[in-house]
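This report refers to the structure that appears directly beneath it.
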Amino acid sequence: MTPNSSADYGLHWELPTNWQQADFDDSSWPNATTYSNQTIGVNNKAAYTNFIDVFDNEKSDAEFIWSTNVVLDNEVIVRYTVNGL
């Protein structure tokens, strides 16, 4: 917050009640963005450094998946559709 709170703002998008349903149309939702370990800056975070074998593996290095704004967005909703079962 700034001393003059009239300069602060926040945005909130309400989740549709049926977003978890298979027939929900998520085509207007933005695609996820992936970030490297260096971009996120996790080298001094225990949640990262305790699991370097998972997050920093040459053969299957993990990526951080978020929105286009990793600084401001604090909730990311992910949908994944499995076909052919």
Side-chain angles (χ1 to χ4, degrees):
M1 300 277 294
T2 59
N4 177 1
S5 63
S6 65
D8 298 330
Y9 68 93
L11 298 174
H12 174 74
W13 286 271
E14 191 169 330
L15 286 176
T17 56
N18 63 337
W19 76 272
Q20 295 180 2
Q21 301 300 316
D23 62 346
F24 177 77
D25 180 10
D26 61 9
S27 61
S28 67
W29 285 12
N31 290 326
T33 301
T34 56
Y35 297 92
S36 69
N37 300 334
Q38 291 74 28
T39 300
I40 297 298
V42 295
N43 292 333
N44 63 345
K45 308 287 190 280
Y48 167 80
T49 57
N50 289 343
F51 301 97
I52 296 241
D53 57 325
V54 174
F55 287 110
D56 208 8
N57 180 323
E58 270 186 37
K59 294 181 183 177
S60 59
D61 196 16
E63 292 180 298
F64 291 85
I65 302 170
W66 208 250
S67 70
T68 57
N69 194 325
V70 74
V71 174
L72 294 179
D73 294 336
N74 65 1
E75 181 176 36
V76 175
I77 305 302
V78 178
R79 287 178 42 91
Y80 183 78
T81 303
V82 178
N83 295 318
L85 291 179

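All residue numbers refer to positions in the sequence shown, counting from 1. The shown structure was predicted, so the numbers you read here are calculated from the model rather than taken from an experiment.
- Here the rule is side chain to side chain donor-acceptor pair (under 3.5 Å) with Ser67, and of Thr33, Asn31, Asp73 only Asp73 fits it.
- The two atoms that bring Phe64 and Ser36 nearest to each other are CD1-O, 4.3 Å, heavy atoms only.
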- Query: For Ile40 and Trp66, what are the C-alpha separation, side-chain angles and deciding distance, and is it a side-chain contact (heavy atoms from CB on, under 4.5 Å)?
  - Reply: CA-CA 11 Å; Ile40 297 298; Trp66 208 250; over 6 Å; no
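- More than 12 heavy atoms of other residues, nucleotides or ligands lie within 6.0 Å of CZ in Phe24, so this atom counts as buried by the packing criterion.
- Judged by distance alone, the side chain of Asn69 and the main-chain N or O of Leu72 form a donor-acceptor pair under 3.5 Å.
- Contacts of Asp25 classified as side chain to side chain contact (heavy atoms under 4.5 Å, CB included), with partners at least two apart in sequence or in another chain: Ser27.
- Scanning both residues, Thr39 and Tyr35, for their nearest heavy atoms gives CG2-CD2, 3.7 Å.
- Between Ile65 and Ala32 the shortest heavy-atom distance is CG2-CB, 3.5 Å.
- Trp19 and Val78 fall into different hydrophobic clusters, defined by Ile, Leu, Val, Met, Phe, Trp and Tyr side-chain heavy atoms under 4.5 Å apart, directly or through other members.
- When every heavy atom of Arg79 is checked against every heavy atom of Gln21, the shortest pair comes out as NH1-O, 3.2 Å.
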